[in-house]
Colleague: 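One structure coming up, written as structure tokens, with questions to follow.
What you are looking at is a predicted structure, and each value in this text was computed from that prediction instead of being measured. Keep in mind that the numbers below use all heavy atoms, side chains included, and drop hydrogens, waters and symmetry copies. Sequence lines set the chain letters: A, B, ... in the order given, protein chains first and strands last, and positions in each chain run from 1.
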Number of protein chains: 2
Amino acid sequence: MNAETATRKSFRREGEDKRREDLIAATLECVAERGLAGATVREIAQRAGVTAGLIRYYFPTKDELIGAAYRAVMQRMTVQASDALRSANDDPRARLYAFVTANLGQPIMDPHNLSLWAGFIALVHADPAMAAAHRDGYLGFRDELEILIRDALLSARAPAESRHTRSHAIAINAIIDGLWLEGCLAGDIFSDGELAETGISAIEAVLGISLKAEGGAP
Amino acid sequence: MNAETATRKSFRREGEDKRREDLIAATLECVAERGLAGATVREIAQRAGVTAGLIRYYFPTKDELIGAAYRAVMQRMTVQASDALRSANDDPRARLYAFVTANLGQPIMDPHNLSLWAGFIALVHADPAMAAAHRDGYLGFRDELEILIRDALLSARAPAESRHTRSHAIAINAIIDGLWLEGCLAGDIFSDGELAETGISAIEAVLGISLKAEGGAP
DNA sequence: GCTCTATTTATGCAAGCGTATAAATACTCC
DNA sequence: GGAGTATTTATACGCTTGCATAAATAGAGC
């Protein structure tokens, strides 16, 4: 009952990891909702339930927070795709099939993910650190894909020398990226699963093998 | 030699079209160089050689200028691709070939274009007008592609019903977009023309026809 | 329970933003 | 060549931004 009712906000001290995660999550929410421009330190802080000053305690500068958020997005998508692999780990062709359909369906193919990704990509050209982060993610993805492709080809008794698998990986990576883009941007003009089907068919054509049955090429 | 040396900047009155083009060009320079955040009205005006206030005379709000700039980028890329078509307008398969290689080479496959495109795409999700602008551009591109595909298939005496050409257009559009992306982001890790070649091969596989010679499928 | 420190709040600042508006001026038309 | 107008400059306002800093406090360790 003091005359000075200027009560300070009560708070809890959280572990460092937890706070960083919360701040990154809040950042992603902001970017997804109103674009990179909407991700101000004040907005992020409010969404994370803390005051703005705290951000600087965990991230020396806002750009570092943004960069951390970008890495988190990429990692999240990568993990989700790998999860799909772990669910169907028997036949190599089925594994490639699962990998592709996972990347072309929920929750990876989502407008929010695209907004985040595009916002960051726009910075890649200006920020070398961001560019390096991107390249690592891209090459990692392609390497994983190339292994899946090689195993699928071998399983179908098709030639799988590295000079073939490399260009196949480039092409199939493009198919996945391109369809992912189309789906994120205008998912409503495609029927359910249409893009995943289209992708599988195109990839089967490129590789010259079937991914659905064990029969291999007819 | 007046004591009041506060001389006003001298200026020329330009035609409305010229000014709008200049302002859009200046905007694109800013976005390409330092991202959307670097495209401030003051910076844009300076680069266009005018004062900031003038922007508002031609564009009621900054967002409208940004939107106009986005449409200009898309149109520029579309026109460049169409130019390639006009240079090789004999055989339908050669036309498709030319269209693909044009989109996967200079000047379309360029990091600047990607920065511009990505910066704008990040806004699509938040801004309905931008979303409409994008959808129009995308569907226009895909329609043009679908016609090229149909003609190429017919020329090779392959089935070309619309339900086939539609899904082919989706897949091939994805291949082009995906490879364009890869090239823009990391062009230096690919040899010259590698991506265009990869794209052509993948597209030939999807369509089941050859695009290089007149011989059709073997 | 007291102390000490890492964590958090609160406040302020300087810079830059988009926009508004009035004054100046280059060009057009008679 | 003089009047009128469309175009352009110049200036200022109100906001928001990222960042800095000092004061407060929650929770751990003795």
Colleague: Taking only the side-chain heavy atoms of B:Tyr58 (C-beta and beyond), determine which of D:dT7, C:dT19, D:dC19 contains the nearest atom.
Modeller: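 Looking only at side-chain atoms, B:Tyr58 lies closest to D:dT7.
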Colleague: Do side-chain atoms of B:His125 reach the backbone of A:Ala32 as a donor and acceptor pair under 3.5 angstrom?
Modeller: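 Present.
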Colleague: Could you tell me how far apart A:Leu54 (CG) and D:dT25 (P) are, to the nearest whole angstrom?
Modeller: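 After rounding, the gap between these two atoms is 16 Å.
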Colleague: Test for a donor-acceptor pair under 3.5 Å between the base of C:dT9 and the side chain of A:Arg8, counting only N and O atoms.
Modeller: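 Such a pair is found, so the answer is yes.
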Colleague: Give A:Glu16 one of three labels, base, sugar-phosphate or nothing, depending on what nucleic acid heavy atoms sit under 4.0 Å from its own.
Modeller: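 Answer is nothing: A:Glu16 stays at 4.0 Å or more from every strand.
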Colleague: D:dG18 P sits how many Å from A:Leu23 CG, rounded?
Modeller: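 Going from A:Leu23 (CG) to D:dG18 (P), I get 14 Å.
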Colleague: Determine, step by step, whether A:Met77 and A:Trp180 satisfy the side chain to side chain contact (heavy atoms under 4.5 Å, CB included) criterion, reporting the C-alpha distance in whole Å, the side-chain angles of both residues, the deciding distance to 0.1 Å, and the verdict.
Modeller: CA-CA 12 Å; A:Met77 290 204 287; A:Trp180 176 78; 4.2 Å; yes
Colleague: Nearest to the side chain of A:Lys9 - D:dT17, C:dA10, C:dG18?
Modeller: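 Of the options given, the side chain of A:Lys9 lies nearest C:dA10.
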Colleague: Show the numbers, then the answer: is there a side chain to side chain contact (heavy atoms under 4.5 Å, CB included) between A:Glu43 and A:Glu29?
Modeller: CA-CA 10 Å; A:Glu43 181 74 24; A:Glu29 280 180 38; over 6 Å; no
Colleague: In whole Å, what is the span from the CD1 atom of A:Ile44 to the P atom of C:dT8?
Modeller: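 Going from CD1 in A:Ile44 over to P in C:dT8 covers 16 Å.
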Colleague: Roughly, in whole Å, what's the span from CZ in B:Arg20 to P in D:dT8?
Modeller: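 Going from CZ in B:Arg20 over to P in D:dT8 covers 12 Å.
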Colleague: Is A:Tyr57 near enough to C:dT7 that one of its side-chain N or O atoms lies under 4.0 angstrom from OP1 or OP2?
Modeller: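 True: A:Tyr57 side-chain N/O within range (under 4.0 Å) of C:dT7 OP1/OP2.
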Colleague: Expressed in angstrom and rounded to an integer, what is the separation of A:Glu14 atom CD from D:dT25 atom C1'?
Modeller: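 The distance from CD of A:Glu14 to C1' of D:dT25 comes to 15 Å, rounded to the nearest Å.
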Colleague: Minimum heavy-atom separation for B:Asp177 and A:Gly178, please, with both atom names.
Modeller: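 Nearest heavy atoms, B:Asp177 then A:Gly178: CB-CA, 4.4 Å.
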Colleague: Identify which nucleotide among C:dT8, D:dT17, D:dT5 has an atom closest to any side-chain atom of A:Arg19, counting heavy atoms from C-beta outward.
Modeller: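 When the side chain of A:Arg19 is considered, C:dT8 is the closest of C:dT8, D:dT17, D:dT5.
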Colleague: For the pair B:Glu204 and B:Arg93, find out whether any cationic side-chain nitrogen is under 4.0 Å from an anionic carboxylate oxygen.
Modeller: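 Salt bridge between B:Glu204 and B:Arg93, a charged N being under 4.0 Å from a carboxylate O: no.
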Colleague: Quick one: the side chain of A:Arg42 and the base of D:dG18, do they pair up donor-acceptor inside 3.5 Å?
Modeller: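 Side chain to base: pair found, below 3.5 Å.
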Colleague: Name the orientation class of the two ring planes belonging to B:Tyr138 and A:Phe190 (parallel below 30°, tilted from 30 to 60°, perpendicular beyond 60°).
Modeller: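 B:Tyr138 vs A:Phe190 ring planes: perpendicular.
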Colleague: Taking the minimum atom-to-atom distance to the side chain of B:Arg13, which one of C:dC27, C:dA6, D:dA24 wins?
Modeller: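 Closest of the options to the side chain of B:Arg13: C:dC27.
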Colleague: If you find the nucleotide of DNA chain C closest to B:Arg56 and the one closest to B:Ala37, which residue's nucleotide is nearer the 5' end?
Modeller: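 Looking at the nearest nucleotide for each, B:Ala37 comes out on the 5' side.
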Colleague: Can you find a side chain N or O atom of A:Thr61 that sits less than 4.0 Å from OP1 or OP2 on D:dC19?
Modeller: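 Answer is yes, contact under 4.0 Å.
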Colleague: State whether the distance check finds a donor on one side and an acceptor on the other, under 3.5 Å, for side chain A:Arg12 versus base D:dG27.
Modeller: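 Counting by modelled atom types and ignoring angles, no donor-acceptor contact under 3.5 Å is found here.
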Colleague: How many whole angstroms separate atom CD1 of A:Ile55 from atom C1' of C:dT11?
Modeller: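 Checked: the CD1 to C1' distance equals 16 Å.
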Colleague: I need the CG-P distance between B:Asp63 and C:dG18, as an integer number of Å.
Modeller: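 Rounded to the whole Å, the gap is 10 Å.
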Colleague: Could you tell me whether the phosphate oxygens of C:dG16, OP1 or OP2, come under 4.0 Å of any side-chain nitrogen or oxygen in B:Thr40?
Modeller: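 No, B:Thr40 has no side-chain N/O under 4.0 Å of OP1/OP2 on C:dG16.
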Colleague: For B:Lys18 and D:dT8, what is the distance between atoms NZ and P respectively, to the nearest whole Å?
Modeller: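 So the NZ-P distance, B:Lys18 to D:dT8, works out to 11 Å.
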Colleague: Quick check on DNA chain C: between B:Lys62 and B:Phe11, whose nearest nucleotide comes earlier from the 5' end?
Modeller: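 Of the two residues, B:Lys62 wins.
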